[in-house]
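The block underneath contains the structure these notes are about, expressed in structure tokens.
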Number of protein chains: 2
Amino acid sequence: MKLTSNEEYGLRCLVRIGLTGSSLTIPEISKAEGVSPAYAAKILRILRRAGFIKAARGKEGGYMLARPADRIVIGDVIDALGGRLFETDFCSQHSGQQSVCTHSVDCSVRSLWRTVQVLVDQVLSKTTLQDLLRNEQEMNSWVRSLPGTSRLSMIQ
Amino acid sequence: MKLTSNEEYGLRCLVRIGLTGSSLTIPEISKAEGVSPAYAAKILRILRRAGFIKAARGKEGGYMLARPADRIVIGDVIDALGGRLFETDFCSQHSGQQSVCTHSVDCSVRSLWRTVQVLVDQVLSKTTLQDLLRNEQEMNSWVRSLPGTSRLSMIQ
DNA sequence: AGCAATCTTGACTTTTTTGTACAGATTAAT
DNA sequence: ATTAATCTGTACAAAAAAGTCAAGATTGCT
């Protein structure tokens, strides 16, 4: 239940591209985010094939957003970079050596994970890249406005 | 951002032990959860060293809860099995080749993760093993009673 | 004491994830 | 056409996680 490197760096690269009106090259992104050019290229390829950014080849080439930032949902980005917390086929994959999930009838564990997944989706599906392009202070007030977070004193 | 195998199987083994009043052996847990005895032993060791279960050696030995189920917080169990989603030192670990996080001043990404982390903690810190020992239907109504989830139609 | 059932530990293998290397393809400018 | 800057793709290497194995230690029973 940790953030993967792909998720962290992928999202940062996307934010970096979004912050720049014009296009950014791999060396530029690599330097800005502190990752190797080769690794930046790998991550950018994932983002490109998932349709969030588009590339221009050749000299004067680079990457830019494939569509406006307010139409890029962060939940979709995270899915592309690292998959969901609780996959729909999780139980069937984790039934061990038995053919059916040993908890299929009375699976309180599954119910708990589903709850956590819903809460995470609640935030990530309502957050767009546009929201992340604001600065941190504005971001804090944005997340406070999300449903389900009103009673929390979340950001110290 | 996926559940790890340790988290899934570890929690299941703990639930299985909690469901059984008396003690359970490694072969019994292994068979009940569909994992190899060796892997069950490895997971049970983590749970034991974290203080959630205690072991009796020798013949007639086995595992049982180290304290009542309502005093075992699931958030603590998950931490022991797989760590937190967003570690407090995450930024310093993921600053790449640069000495400081390149987003330290304007880190909307960090703010987003912190929000997700708080929501997850909100559920996991309020859920005890006792809650998971109910059956699935009761579990569903339990999670609905948690703060922050009231507006969601979460369990289909 | 001897035996069988049981947990304990560390090393090992396999699989997955992370990260790197390099040759190839594309483009703009000259 | 040539060159230099750029993205693209595949293969490879390193690190982490998942899972296995075998030898050892403990305990209850006879």
- Partners meeting side-chain hydrogen bond (donor to acceptor under 3.5 Å, both in side chains) with Thr128(B) (sequence neighbours left out):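 Residues passing side-chain hydrogen bond (donor to acceptor under 3.5 Å, both in side chains) with Thr128(B): Asp131(B).
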- Selected nucleotide, minimal atom distance to Ile26(A) side chain, candidates dC7(D), dG19(C), dT9(C):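 In terms of side-chain proximity for Ile26(A), the closest of dC7(D), dG19(C), dT9(C) is dC7(D).
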- Query: If you look at every heavy atom in Leu47(A) and Cys13(A), which pair is closest and at what distance?
  - Reply: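 Closest approach of Leu47(A) to Cys13(A): CD1-CB, 4.5 Å.
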- Query: Closest approach of Glu8(B) and Val109(A), non-hydrogen atoms and distance?
  - Reply: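 Looking at all heavy atoms of both residues, the shortest contact is OE1-CG1, 4.1 Å.
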Mind calculating the distance between [atom1] ([X]) and [atom2] ([N]) to the nearest angstrom?
| X | N | atom1 | atom2 | result |
| --- | --- | --- | --- | --- |
| Arg48(A) | dT26(C) | CZ | C1' | 13 Å |
| Ile46(A) | dC7(D) | CD1 | P | 16 Å |
| Ile43(B) | dT8(C) | CD1 | P | 15 Å |
| Leu44(B) | dC7(C) | CG | P | 8 Å |

- Item | Of all pairs that satisfy side-chain hydrogen bond (donor to acceptor under 3.5 Å, both in side chains), the ones with a partner from residues 37-64 of chain B, not counting sequence neighbours |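 Matches after skipping sequence neighbours: Asn6(B)-Tyr39(B).
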By side chain to side chain contact (heavy atoms under 4.5 Å, CB included), which residues pair with [X], not counting sequence neighbours?
| X | result |
| --- | --- |
| Pro27(B) | Thr25(B) |
| Thr20(B) | Ser22(B), Leu24(B) |
| Ala50(B) | Phe52(B), Ala80(B) |

- Any chance you could list the contact pattern along nucleotides 11-18 of chain C? Use B for base contacts, S for sugar-phosphate-only contacts and - for none, protein heavy atoms under 4.0 Å, 5' to 3'. -------S
- Message: Contact list please: residues 49-69 of chain B against DNA chain D, heavy atoms, distance less than 4.0 Å, in numerical order.
- Response: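 Arg57(B), Gly58(B), Lys59(B), in order of number.
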- For Arg45(A) and dG9(D), is the shortest distance between a side-chain N/O and OP1 or OP2 below 4.0 Å?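 Answer yes for this pair, as a side-chain N or O of Arg45(A) is under 4.0 Å from OP1 or OP2.
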- Query: Hey, does the side chain of Ser36(B) come within less than 4.0 Å of dT20(D)'s phosphate (OP1/OP2), counting only N and O?
  - Reply: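 The answer is yes; a side-chain N or O of Ser36(B) sits under 4.0 Å from OP1 or OP2.
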- Task: Tell me, please, which residues at least two apart from Asp79(B) pass salt bridge (charged side-chain N to carboxylate O under 4.0 Å, His left out).
- Result: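 Applying salt bridge (charged side-chain N to carboxylate O under 4.0 Å, His left out) to Asp79(B) gives Arg84(B).
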